[in-house]
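What follows is one structure encoded as structure tokens, with my remarks underneath.
In what follows, chains are A, B, ... by sequence order, proteins preceding strands, each numbered from 1. This is a predicted model, so every value here is computed, not measured.
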2 protein chains.
Amino acid sequence: MPASPPSLDSFDLAILAILQRDNTTPQRLIGEAVNLSAPAVQRRIKRMEQTGVIAGNVALVEPAAVGQPITIFVEVELESERTELIDAAKRQFSAAPEVQQCYYVTGEADFILVITVADMGAYEALTRKLFFDSNNVRKFRTFVAMDRVKVGLTVPLPD
Amino acid sequence: MPASPPSLDSFDLAILAILQRDNTTPQRLIGEAVNLSAPAVQRRIKRMEQTGVIAGNVALVEPAAVGQPITIFVEVELESERTELIDAAKRQFSAAPEVQQCYYVTGEADFILVITVADMGAYEALTRKLFFDSNNVRKFRTFVAMDRVKVGLTVPLPD
DNA sequence: AATCCTGACGAAACAAACTTGCATTTCGAG
DNA sequence: CTCGAAATGCAAGTTTGTTTCGTCAGGATT
């Protein structure tokens with residue numbers, strides 16, 4: 001819930017750049033880096049959390065370490081693009097824990113999914129559940145990741 | 001650098017489940033949730049960070065709030081798949097701040113990129129830099145995200 | 001069977017970080 | 001130039017994170 005139209009100055013952006021890399025950095029160090037006192041840093045962080053500029057604070061888990069070594073991309077094309085069916089698909093994809101990311105896109109596909117699974121058997125079962133059991137999926141194309149070259153949700157920040 | 005073969009018990013998994021949702025949760029509360037003392041929680045977290053199970057601790061920034069409202073997927077197909085050229089492409093894609101994620105994949109494409117930009121002009125400039133100026137890109141397909149239905153790097157954890 | 005060693009735990013003491021209150025400063029509008 | 005809103009720094013208070021230390025359980029050795 002963005003509480004208000006946020007407008008970020010260079011202090012905020014500098015703070016974000018740090019937190020986006022490591023949000024365990026003490027406010028004292030952030031303050032030294034951006035030339036602000038720790039409380040000032042703290043107030044800015046809180047405000048950005050409340051306004052939604054900072055959407056969350058999370059630990060990144062290595063999939064392979066928890067038995068989910070396979071990352072898969074899927075382009076999904078629907079039969080019908082009726083609003084109601086689109087929304088139903090969004091809800092179904094979102095509900096699946098294996099679906100890490102889901103985007104509704106323009107172009108030759110309707111959805112792009114990023115999926116994390118333990119093995120291809122699990123993926124096969126998931127496709128059955130998400131695609132074949134749905135009557136609204138015309139086709140889908142699968143891309144298996146051989147190398148997660150760069151992974152993150154880091155956003156480029158203006159200077 | 002994973003220091004050793006990690007093996008996670010149900011305590012570790014329960015802790016991970018919490019941290020990957022909100023890593024600002026106090027260790028005391030985590031302890032209550034999983035039935036451990038705060039120091040025990042703390043030791044397990046540190047170990048998972050050192051062994052690479054926890055790959056990072058980051059704040060998630062809302063792209064639209066920092067002037068990067070457009071998310072784009074790109075499937076890239078190379079001319080040559082010589083190892084050296086593949087590696088060069090990995091390095092070039094990784095180096096671009098606009099490239100949030102880069103995967104080397106099997107299937108009808110060689111790479112899939114997730115890109116964040118301010119506007120289509122910026123994307124056009126980026127394609128010029130990454131694809132046209134490279135002599136090794138045969139073609140690429142662009143998908144513009146209309147809705148970021150589900151975004152995150154949350155990994156499903158075993159029970 | 002007794003012993004030693006290793007690894008993990010909890011309680012308490014300790015250190016560090018976060019948070020709040022308040023006086024002061026800054027900055028833009030009138 | 002003056003005023004007021006908003007942000008700042010400092011200092012105190014609170015919460016959290018970290019270390020220490022004594023205990024216990026399991027496994028291997030003697």
Closest-nucleotide 5' rank along DNA chain C - winner of A:Pro26 and A:Pro39: A:Pro26
Whole-Å gap separating P (C:dC18) and CD1 (A:Ile45): 8 Å
Closest to side chain of B:Gln27, choosing from D:dG9, C:dC9, D:dT18: D:dT18
Between P of C:dT19 and CD of A:Gln50, the distance in whole Å: 11 Å
Selection from C:dA17, C:dC9, D:dT16 that lies nearest to any side-chain heavy atom of A:Arg28: C:dA17
Any A:Gln42 side-chain N or O less than 4.0 Å from OP1/OP2 of C:dA17: no
Length of the line joining B:Ile30:CD1 and C:dG10:P, which is rounded to integer Å: 14 Å
Aromatic ring proximity, centroids under 6.0 angstrom, A:Phe93 and A:Tyr103: no
d(CG, B:Asp9; C1', C:dA8) in whole Å: 11 Å
CG-CD1 distance between A:Leu157 and A:Ile15, expressed to the nearest 0.5 angstrom: 12.0 Å
Separation between CG of A:Asn136 and CG of A:Leu78, rounded to the nearest 0.5 Å: 5.0 Å
Gap between atoms CG and P, on B:Asn23 and C:dC18 respectively (whole Å): 12 Å
Touch class at under 4.0 angstrom, heavy-atom based, for B:Arg47 against every strand present: nothing
Integer-rounded Å distance: D:dT16 P and B:Leu19 CG: 15 Å
OP1 or OP2 of D:dT8 under 4.0 Å from side-chain N/O of A:Arg44: yes
Separation of B:Gln50 CD from B:Arg47 CZ (nearest 0.5 Å): 10.0 Å
Spacing between A:Asn57 atom CG and C:dA17 atom C1', to the nearest angstrom: 15 Å
B:Leu8 CG to C:dA8 P, straight-line distance once rounded to whole Å: 13 Å
Any N/O donor-acceptor pair, A:Arg43 side-chain to D:dG9 base, under 3.5 Å: yes
Contact under 4.0 Å: A:Lys46 side-chain N or O vs D:dA7 OP1/OP2: no
Candidate pair A:Ile30 and A:Leu19, rule side chain to side chain contact (heavy atoms under 4.5 Å, CB included), full reasoning: CA-CA 9 Å; A:Ile30 300 176; A:Leu19 292 182; 3.8 Å; yes
